[in-house]
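Read the structure below first, then the notes.
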Protein chains: 2
Amino acid sequence: MQRKDLKRLTIKDVARTAGVSIATVSRILNGQGGVSEELIDKVQLTVQELNYQPNAVARALKVQESRSIGLIIPDIGNPFFPALVRGVEDAAQVHGYALILCNTDGDPDKEINYIKFLRSKQVDGILLVGNIGFEQSGHWLSDAAVPIVLVDRRIAGAPLSTVIVDNQAGAVLAVEHLIRQGRRQIAIVSGRPASPTNTERVNGYIQALAANRLFCRTDLVVNGDFTFEGGYRAAEILLNRGCRFDAIFAANDLMAIGVIECLAQNGRRVPDDVAVAGFDNIRLAAWYKPALTTINQPVYEMGQLAVAALLEHMADSGAQARDIMLKPELIIRQSSGGKEQS
Amino acid sequence: MQRKDLKRLTIKDVARTAGVSIATVSRILNGQGGVSEELIDKVQLTVQELNYQPNAVARALKVQESRSIGLIIPDIGNPFFPALVRGVEDAAQVHGYALILCNTDGDPDKEINYIKFLRSKQVDGILLVGNIGFEQSGHWLSDAAVPIVLVDRRIAGAPLSTVIVDNQAGAVLAVEHLIRQGRRQIAIVSGRPASPTNTERVNGYIQALAANRLFCRTDLVVNGDFTFEGGYRAAEILLNRGCRFDAIFAANDLMAIGVIECLAQNGRRVPDDVAVAGFDNIRLAAWYKPALTTINQPVYEMGQLAVAALLEHMADSGAQARDIMLKPELIIRQSSGGKEQS
DNA sequence: TTGTACGCGTTATCAC
DNA sequence: GTGATAACGCGTACAA
């Protein structure tokens, strides 16, 4: 009854059963026209009856187009990525593309290996959330012979289209909010210093301070690494320095939460003593107590737009690389003292 | 300089450049032996120089094996799935398989469509977190001509291998813990009644009560739907009934949190007035205040084991379907009153 | 040990 | 309007 090893049927079988040539079947299946109504009906019927499905691999080999794209991210376990992946998958599916998912843990070697892997799989395009440097592998990135679009993180010097949120503007939003809340001694807990994303956010911090005639005091700057523990340790360092501060901007939410936990351990109240703002608006930010003021990124849309950009490059190999910047949004919650009074 | 439209090179190019036949190149690439050292060196060198990569699509067509598997889940945005996906992807990658990810939102029609889609892509196997009924589509599930392994959710009557956590045992763990905490009037907020997973957890609740000579009171049973809002509403219903209860077991963490929020709104203290336990151990459970007592599922391992099971079926089409049950684990946190005193 | 040639399942070009 | 047939890039039986 359940013959799994039943040989998969091919266009040949359909042709034979319907009593026509494979050329005719192919034409009908691809809706090319130039076929009589009669045959169309007959063939479509047998396709139904046999439950025939074209072999996409054979088709891919023939038309040199696999109808699949690759998505390379650091780690789907990172709460930032599921929404991105969902946006990508939905958009890909709409256009009939399969999505191949790859996790690199941010390791540049793995990124290169996955690009090679995807290339051998003949994917039509690649979406990359990359940590690799351009010189480190500019060869692969620009000569990959397959369109690559960068998502969420730029790669300095790479001549590739990039879909990204305006990190600097987001940081400005967060810091200016803290300032409007009456805070003046605003510290920053940065992410990994090497990360372009971090640099942009730090620049936003500096810009916002300057725009409000506040100094950027080096004793209020401390490096984290985008992790909870990094945030915790950074807050400890800040406390140990003995300098005054009445607000902290953390370069992402995970660190912001680490910061708050540390402050709580040390008897500082949030937001009464110290206002805290993060970046990313991960799910946890809304649930955490105190609920975290943060910068929302339209992650799902980012995924969708990335696919759109990739499709463009796939359709036109001469298309210019361009930056697509998404607007961040300030989400005000308790950790910064709640609503602004204006 | 950057000639993207440079024709991709083939085994033919390598053969020509190395001055050998394509058969020789193929043999060397696949390590088949029977080739002189001299040619091996020469060919491997030219492969390096040309930076040649075999075309996996052509290979797949020839050997009838695409080296890719499909993973069909409801929604990567659901906090339960990222770890599963990661487990699957890691295991797949180790064995050289690409992972095609599909989100269905739990819609049986989408599940069927994706199975067809993946079949046409000639995937070698499918991992399915399915909501479809077996009769509803037994045809597709057992005759799919491609091995399917069920993950996280069983499908009643489907003769397919299933990798799943022992939900009933998990619920017993949770409820018995509440009993040991001295609670006697334990309510349950269930998930979608139609879900097999929910049924198993409810059965565990009943079993644990019975084993401790407690009655299952219908006024302490209320249906949720696995969402936060469902949990909130369920708790409201429970409160409105006016019955006494000193503990609530929610069939998943999201509902447990909804329950706690509702209780807090209505002046009940957790865990003092009501102890609460959930199921899943999502990230949020640890961060939430009060931290949530829950049942941990080894989700990452589940993904890995699912791939292992799938590989078995792929290697031996006659392999018997079997159930692989993973042990759940009780995680005690504040929401149930913390550590047990024994 | 090495090379030639066929076929995997399509699509597309050419005859009829 | 329809049907042979040649690719697509690879693996392998067979021949040498």
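Below, each value reflects all heavy atoms present in this structure, side chains not excepted, and no hydrogens, waters or symmetry copies. Owing to the predicted nature of the structure, the values given are computational and were not obtained by experimental measurement. Per chain, numbering begins at 1; letters A, B, ... match sequence-line order.
Between B/I112 and B/P108 the shortest side-chain heavy-atom distance does not fall below 4.5 Å. The shortest distance between side-chain heavy atoms of A/L160 and A/I155 does not fall below 4.5 Å. Residues A/I164 and A/V151 form no side-chain contact, since every pair of their non-hydrogen atoms from C-beta on lies 4.5 Å or further apart.
Residue pairs meeting the salt bridge (charged side-chain N to carboxylate O under 4.0 Å, His left out) criterion with at least one member in residues 60-71 of chain A, sequence neighbours excluded: A/E65-A/R67. The stretch residues 88-102 of chain B participates, sequence neighbours left out, in these salt bridge (charged side-chain N to carboxylate O under 4.0 Å, His left out) pairs: B/R86-B/D90. Applying the salt bridge (charged side-chain N to carboxylate O under 4.0 Å, His left out) test to residues at least two apart or on different chains, none of the pairs has a partner in residues 18-46 of chain A.
In the interface, the side chain of A/K62 is not paired with the base of C/dT10 through any donor and acceptor atom under 3.5 Å apart.
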If you look only at distance, which donor and acceptor atoms sit under 3.5 Å apart when one is on a side chain in residues 318-325 of chain B and the other is two or more places apart or in another chain?
| unit_1 | atom_1 | unit_2 | atom_2 | d |
| --- | --- | --- | --- | --- |
| B/R322 | NH2 | B/E312 | OE1 | 3.2 |
| B/R322 | NH2 | B/E312 | OE2 | 3.0 |
| B/D323 | OD2 | B/R154 | NH2 | 2.3 |

Please tabulate, one pair per line, all N/O donor-acceptor pairs under 3.5 Å involving side-chain atoms of residues 49-56 of chain B, not counting sequence neighbours.
| unit_1 | atom_1 | unit_2 | atom_2 | d |
| --- | --- | --- | --- | --- |
| B/Q53 | NE2 | A/K116 | O | 3.2 |
| B/N55 | OD1 | B/V57 | N | 2.8 |
| B/N55 | OD1 | B/A58 | N | 3.0 |

- request: Determine, stepwise, if the pair A/Q122 / B/R8 fulfils side chain to side chain donor-acceptor pair (under 3.5 Å).
  value: CA-CA 10 Å; A/Q122 311 296 114; B/R8 286 218 53 190; 2.5 Å; yes
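Between B/Q122 atom CD and C/dG9 atom P the separation is 9 Å, expressed in whole Å. To the nearest angstrom, C1' of C/dA12 lies 16 Å from CD1 of A/I28. Distance B/K121 NZ to C/dG9 P: 17 Å, rounded to the nearest Å. Counting to the nearest Å, the C1' atom of C/dA5 and the CD1 atom of B/I11 are 14 Å from each other. Following rounding to the nearest Å, A/L61 (CG) and C/dT11 (C1') show an atom-to-atom distance of 11 Å. Rounded to an integer number of Å, the gap from CD1 of B/I22 to C1' of D/dG11 is 9 Å. Here the C1' atom of nucleotide C/dT1 and the CD atom of B/E38 are 11 Å apart, to the nearest Å. Between A/L29 atom CG and C/dG9 atom P there is a gap of 15 Å when expressed in whole angstrom units.
Phosphate contact (OP1/OP2 of D/dG9, side-chain N/O of A/Q64, threshold under 4.0 Å): present. Residue A/T24 has a polar side-chain atom (N or O) positioned under 4.0 Å from OP1 or OP2 of D/dG3. An OP1 or OP2 oxygen of D/dG3 is reached within less than 4.0 angstrom by a side-chain nitrogen or oxygen of A/S21. In this structure, B/Y52 does not reach the D/dG9 phosphate: none of its side-chain N or O atoms is under 4.0 Å from OP1 or OP2. The phosphate of D/dC8 (OP1 or OP2) has no side-chain N or O of B/N55 nearer than 4.0 angstrom. Listed pair B/S26 / D/dT12 fails the phosphate criterion, with no side-chain N or O lying under 4.0 Å from OP1 or OP2.
You'll find that the side chain of A/S36 is closest to D/dT2, out of D/dT2, D/dG9, C/dT11. Which of D/dG3, C/dT11, D/dG9 sits closest to the side chain of A/R59 comes down to C/dT11.
Taking five base pairs at each end of the helix from C/dT1-D/dA16 to C/dC16-D/dG1 and finding the rotation axis that steps the C1' atoms of four pairs onto the next four gives two axes whose angle is 50°, to the nearest 10°.
B/T197 pairs by the side chain to side chain donor-acceptor pair (under 3.5 Å) definition with nothing, not counting sequence neighbours. Considering only residues two or more places apart in sequence or on other chains, B/S161 meets the side chain to side chain donor-acceptor pair (under 3.5 Å) condition with B/H313. When the salt bridge (Lys or Arg N to Asp or Glu O under 4.0 Å) test is applied to A/K121, no partner is found at least two apart in sequence or on another chain. Under the salt bridge (Lys or Arg N to Asp or Glu O under 4.0 Å) criterion, B/D107 pairs with no residue, sequence neighbours left out.
Among the protein residues, B/V20 comes within range of the sugar-phosphate backbone only, with heavy atoms under 4.0 Å from sugar or phosphate atoms but none that close to a base.
Of the residues in residues 39-51 of chain B, not one comes within less than 4.0 Å of DNA chain D through any heavy atom.
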Listing time: all N or O pairs from protein to nucleotides 13-16 of chain C that are below 3.5 Å?
none

